[in-house]
Asker: 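I am attaching a structure below and will ask some questions about it afterwards.
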Amino acid sequence: PILSAAPSSEARMLVAKARALYEPWDLATRDDFILAEQMLKKATDLDPADGDAWAAFAILSCGLRVSGRDVGVDRTADARIQAERAVKFAPELNAARFARAFSLRFNPQTRDECLRLLREEVARQPGNRMVVRILGTTLNSFGQHEQGLLYLDRAAALPGRDPVTLYNRGQVLEQLGRFVEAEAAADDVLALAPHYPDAHAMKLRLLLDYHGNLAAARQHLGKFPPD
């Protein structure tokens, strides 16, 4: 297959900088995502045939869609268009195939295809934590909690401790009613990332709903990040 021409050095640097901003995912701010979006817009303007830049753009759009950081903005169509361009220009690129699979998550009519393609990518890229994690969270979002947990366990077992993966795993444990394990996961996440807002919210829910301990919940509020 014909891949895109080598992108300009400026475009490639912009893609690298954008990924560094959004790949922290839950730990990236809305401003991080918006700045990354501006960089990827410039990169694709500089080299409209760079499949890697389009793949990064599609993954960013999926991240905005999943997180709801753009309130009232539907990124579904953007993600699909960007992912299709990535595959068009770089069909053998891992990130392009992953972006296409991820972009199919948000339409009920393409969910089966989304899962099929994500499973294919996990088989191709078993050491790519983001790919494995996204399959786990996608299964969970489709109501397949136990299956989602299996993949999140796999992602968590990869080298290095990733707070986002551990938080996603804790979410599923909480949904399954495995509250002791969910609380242990929340504590692990907060030890790694003390300013992780969603992990603080999980801990607060467990203190209130599982322990019924209003005093401890009120005390934990003092640990929330100021923002």
Side-chain angles (χ1 to χ4, degrees), residues 15 18-28 32-33 36-37 40 51-52 54-70 74-84 86-87 90 93-176 185 189 193 196 198-199:
V15 171
R19 284 195 170 119
L21 285 168
Y22 75 72
E23 283 185 350
W25 219 242
D26 291 359
L27 299 175
D32 289 333
F33 271 83
E37 181 178 37
L40 292 171
D52 195 30
W54 284 115
F57 214 158
I59 294 167
L60 177 143
S61 293
C62 289
L64 284 167
R65 176 69 170 76
V66 167
S67 68
R69 284 179 174 85
D70 271 9
D74 188 350
R75 294 280 178 163
T76 303
D78 291 342
R80 284 292 301 273
I81 292 168
Q82 292 153 357
E84 291 301 326
V87 172
L93 189 68
N94 285 341
R97 291 193 309 266
F98 168 60
R100 179 177 62 179
F102 197 177
S103 73
L104 298 174
R105 171 173 168 168
F106 310 110
N107 185 336
Q109 295 179 340
T110 58
R111 285 183 174 183
D112 289 345
E113 186 180 5
C114 167
L115 290 177
R116 179 181 66 79
L117 293 174
L118 282 175
R119 285 191 169 99
E120 288 180 2
E121 288 313 304
V122 167
R124 288 191 184 99
Q125 307 180 59
N128 187 323
R129 193 193 310 275
M130 176 178 273
V131 173
V132 181
R133 186 182 78 217
I134 292 299
L135 175 54
T137 59
T138 300
L139 284 161
N140 185 56
S141 73
F142 294 171
Q144 300 180 40
H145 307 307
E146 296 283 1
Q147 281 291 309
L149 184 59
L150 290 175
Y151 285 100
L152 289 167
D153 284 344
R154 285 177 57 177
L158 291 170
R161 289 173 60 75
D162 172 46
V164 177
T165 300
L166 296 177
Y167 168 72
N168 290 153
R169 183 175 176 274
Q171 276 186 304
V172 182
L173 291 167
E174 185 182 13
Q175 289 171 324
L176 291 170
V189 173
Y196 198 145
D198 291 342

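Please read all numbers here as calculations on a predicted model, not as lab measurements. Just the heavy atoms: all of them, side chains too, but no hydrogens, waters or symmetry mates, feed the values below.
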Asker: More than 12 heavy atoms of other residues, nucleotides or ligands under 6.0 Å from CG of Asp112: yes or no?
Answerer: no

Asker: Testing Glu84, Gln82, Arg80 for side-chain contact (heavy atoms from CB on, under 4.5 Å) with Ser103, which one passes?
Answerer: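 Passing option: Arg80.
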
Asker: Looking at every heavy atom in both Gly51 and Ala90, which two are closest together, and how far apart are they?
Answerer: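 That would be CA-CB, 3.9 Å.
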
Asker: For a 4.5 angstrom cut-off between non-hydrogen side-chain atoms, does Leu139 reach Arg119?
Answerer: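 Contact flag for Leu139/Arg119 side chains = yes.
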
Asker: Taking all heavy atoms of Leu21 and all of Ala36, pick out the closest pair and write down the distance.
Answerer: CD1-N, 3.9 Å

Asker: If you look at every heavy atom in Gln125 and Val131, which pair is closest and at what distance?
Answerer: OE1-CG2, 4.0 Å

Asker: Could you pull out all donor-acceptor pairs under 3.5 Å where a side-chain atom in residues 151-160 meets a protein atom, sequence neighbours excluded?
Answerer:
{"residue": "Asp153", "atom": "OD1", "partner": "Arg169", "partner atom": "NE", "Å": "2.6"}

Asker: What's the shortest heavy-atom distance between Ala55 and Ala86, and which atoms?
Answerer: N-CB, 3.4 Å

Asker: Quick one: are Phe106 and Cys114 in side-chain contact, heavy atoms under 4.5 Å?
Answerer: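 Answer no - side chains too far apart.
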
Asker: Is there a donor-acceptor contact under 3.5 Å linking the side chains of Gln171 and Asn140?
Answerer: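 Judged by distance alone, the side chains do not pair up.
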
Asker: Side chains of Asp52 and Arg19: closer than 4.5 Å at any heavy-atom pair?
Answerer: yes

Asker: To the nearest 0.5 Å, what is the distance between OH (Tyr22) and CG (Leu40)?
Answerer: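 If I round to the nearest 0.5 Å, the distance is 6.5 Å.
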
Asker: Between atom CG of Leu64 and atom OG1 of Thr76, what is the distance when rounded to the nearest 0.5 Å?
Answerer: 11.5 Å

Asker: Are any of the side-chain heavy atoms of Tyr196 and Val164 separated by less than 4.5 Å?
Answerer: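 Yes - at least one pair of side-chain heavy atoms lies under 4.5 Å apart.
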
Asker: How close do Asp78 and Ser61 get, counting heavy atoms only, and between which atoms?
Answerer: CB-OG, 4.1 Å

Asker: Are side-chain heavy atoms of Leu118 and Phe98 found at a separation under 4.5 Å?
Answerer: yes

Asker: Considering only heavy atoms from C-beta outward, does the side chain of Asn128 approach that of Asn94 to under 4.5 Å?
Answerer: no

Asker: Could you check if a side-chain atom of Arg105 sits within less than 4.5 angstrom of a side-chain atom of Thr137, using non-hydrogen atoms only?
Answerer: yes

Asker: Any side-chain donor-acceptor pair under 3.5 Å between Thr165 and Asp162?
Answerer: yes

Asker: For Pro163 and Val189, which heavy atoms make the closest approach, and how far apart are they?
Answerer: O-CG2, 3.7 Å

